[in-house]
Amino acid sequence: MMGSIFYDLFMLPLERFALTRLRRQFIPRAEGRILELGAGTGVNLRYYDRRKVGEIILSDLRPGRRIRRRAVKAGARFVAADVEALPFADESFDTVVFTLLFCSVADPKQGMREIRRVLKPGGRIVFIEHVLGCTPSTRKLQQRLTPIWRRISGNCHLDRDTLGVIEQAGFIPDEIDRRADCVLMGGIARR
């Protein structure tokens, strides 16, 4: 439990700087049967538009008590799962949501294939990720910091091209919003 509280406190400056705006912009657009991967401490729960939601299933590989409590309180279901091997039937979700997840996935292409598999045809992904920056100086800094950052942050790669992985998996971006020299990105893409 202390770990999840520490994480929320650690993320507070980034939340205030840009994440909250991106959450408000994109998370309410998830609809139908929703799978949220890498749900962490359940921060996104307050941003869903309950009029559009049929069911929310939260998932995380290493769940804490905080996410389980928040899930129950919000009427959501929790399933511990790895994005690279999802325990759900093919084409079973209308929307898949992930936030700050793909920086630490061991095989991002496999994770994206799994998302595509469980998403219904015409379904959408809603995502907020920190990604490889737009400028050469930002990219160089991210690439230099990544080896150290991976060791202290649970395999988080600061220099991932997550939008490239999304597009390579066959998703078509409908809307992308980049912030903070492009290192934060929110968006919606369809299958």
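This one's a predicted model, so the numbers in the text were calculated from it and none came from an experiment.
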Looking only at atom types and distance, does a side-chain atom of [X] sit under 3.5 Å from a main-chain N or O of [Y], one as donor and one as acceptor?
| X | Y | value |
| --- | --- | --- |
| D60 | A39 | yes |
| T95 | E31 | yes |
| E129 | T162 | no |
| R23 | I128 | no |
| R117 | L86 | yes |
| R70 | T41 | yes |

For this session: Could you note down all residue pairs passing side-chain hydrogen bond (donor to acceptor under 3.5 Å, both in side chains) where residues 166-177 supplies at least one of them, sequence neighbours left out?
Result: Q25-E175, Q25-D177, R29-E175, D174-R190, D177-R179
Problem set entry | Parallel, tilted or perpendicular: ring planes of F98 versus F127, cut at 30 and 60 degrees | parallel
Nearest-0.5 Å distance, [atom1] of residue [X] to [atom2] of residue [Y]:
| X | Y | atom1 | atom2 | result |
| --- | --- | --- | --- | --- |
| R124 | L119 | CZ | CG | 10.0 Å |
| S104 | L61 | OG | CG | 9.0 Å |
| K140 | T135 | NZ | OG1 | 11.0 Å |
| F93 | L37 | CZ | CG | 8.0 Å |

Heavy-atom pair with the smallest gap, counting every atom of [X] and [Y]:
| X | Y | answer |
| --- | --- | --- |
| L35 | S59 | CD1-CB, 4.2 Å |
| C103 | R160 | O-NH1, 3.3 Å |
| M112 | A169 | CG-CB, 3.3 Å |
| P108 | F102 | O-CE2, 3.4 Å |
| A189 | P173 | CB-CA, 3.7 Å |
| N44 | E36 | ND2-OE2, 3.0 Å |

Is any side-chain heavy atom of [X] closer than 4.5 Å to a side-chain heavy atom of [Y]?
| X | Y | result |
| --- | --- | --- |
| V72 | F78 | no |
| V43 | T99 | no |
| R46 | I27 | no |
| R178 | L163 | yes |
| V97 | F26 | no |
| E114 | E84 | no |
| I115 | F171 | yes |

Exercise. Hey, any chance V165 and I176 share a hydrophobic cluster, counting ILVMFWY side chains that come within less than 4.5 Å of each other, even indirectly?
Worked result: yes
Seminar exercise, completed: Those residues at least two apart in sequence (or on a different chain) that pass side-chain contact (heavy atoms from CB on, under 4.5 Å) with A76 are L45, I56, L58, A71
Problem set entry | Salt-bridge present (D94, R33; N to O < 4.0 Å) | no
For this session: Can you sort out the partners of R113 under side-chain hydrogen bond (donor to acceptor under 3.5 Å, both in side chains), two or more places apart, ordered by chain and number?
Result: Q110
For this session: Any chance you could lay out the salt bridge (Lys or Arg N to Asp or Glu O under 4.0 Å) test for D107 and K109, step after step, and finish with the verdict?
Result: CA-CA 6 Å; D107 185 347; K109 290 179 182 177; over 6 Å; no
For this session: Please say whether more than 12 non-hydrogen atoms of neighbouring residues, nucleotides or ligands are located less than 6.0 Å from CZ in R51.
Result: no
Exercise. Would V126 and I34 count as a side-chain contact (heavy atoms from CB on, under 4.5 Å) if you check the C-alpha gap in whole Å, the side-chain angles of each, and the deciding distance to 0.1 Å?
Worked result: CA-CA 10 Å; V126 174; I34 298 167; over 6 Å; no
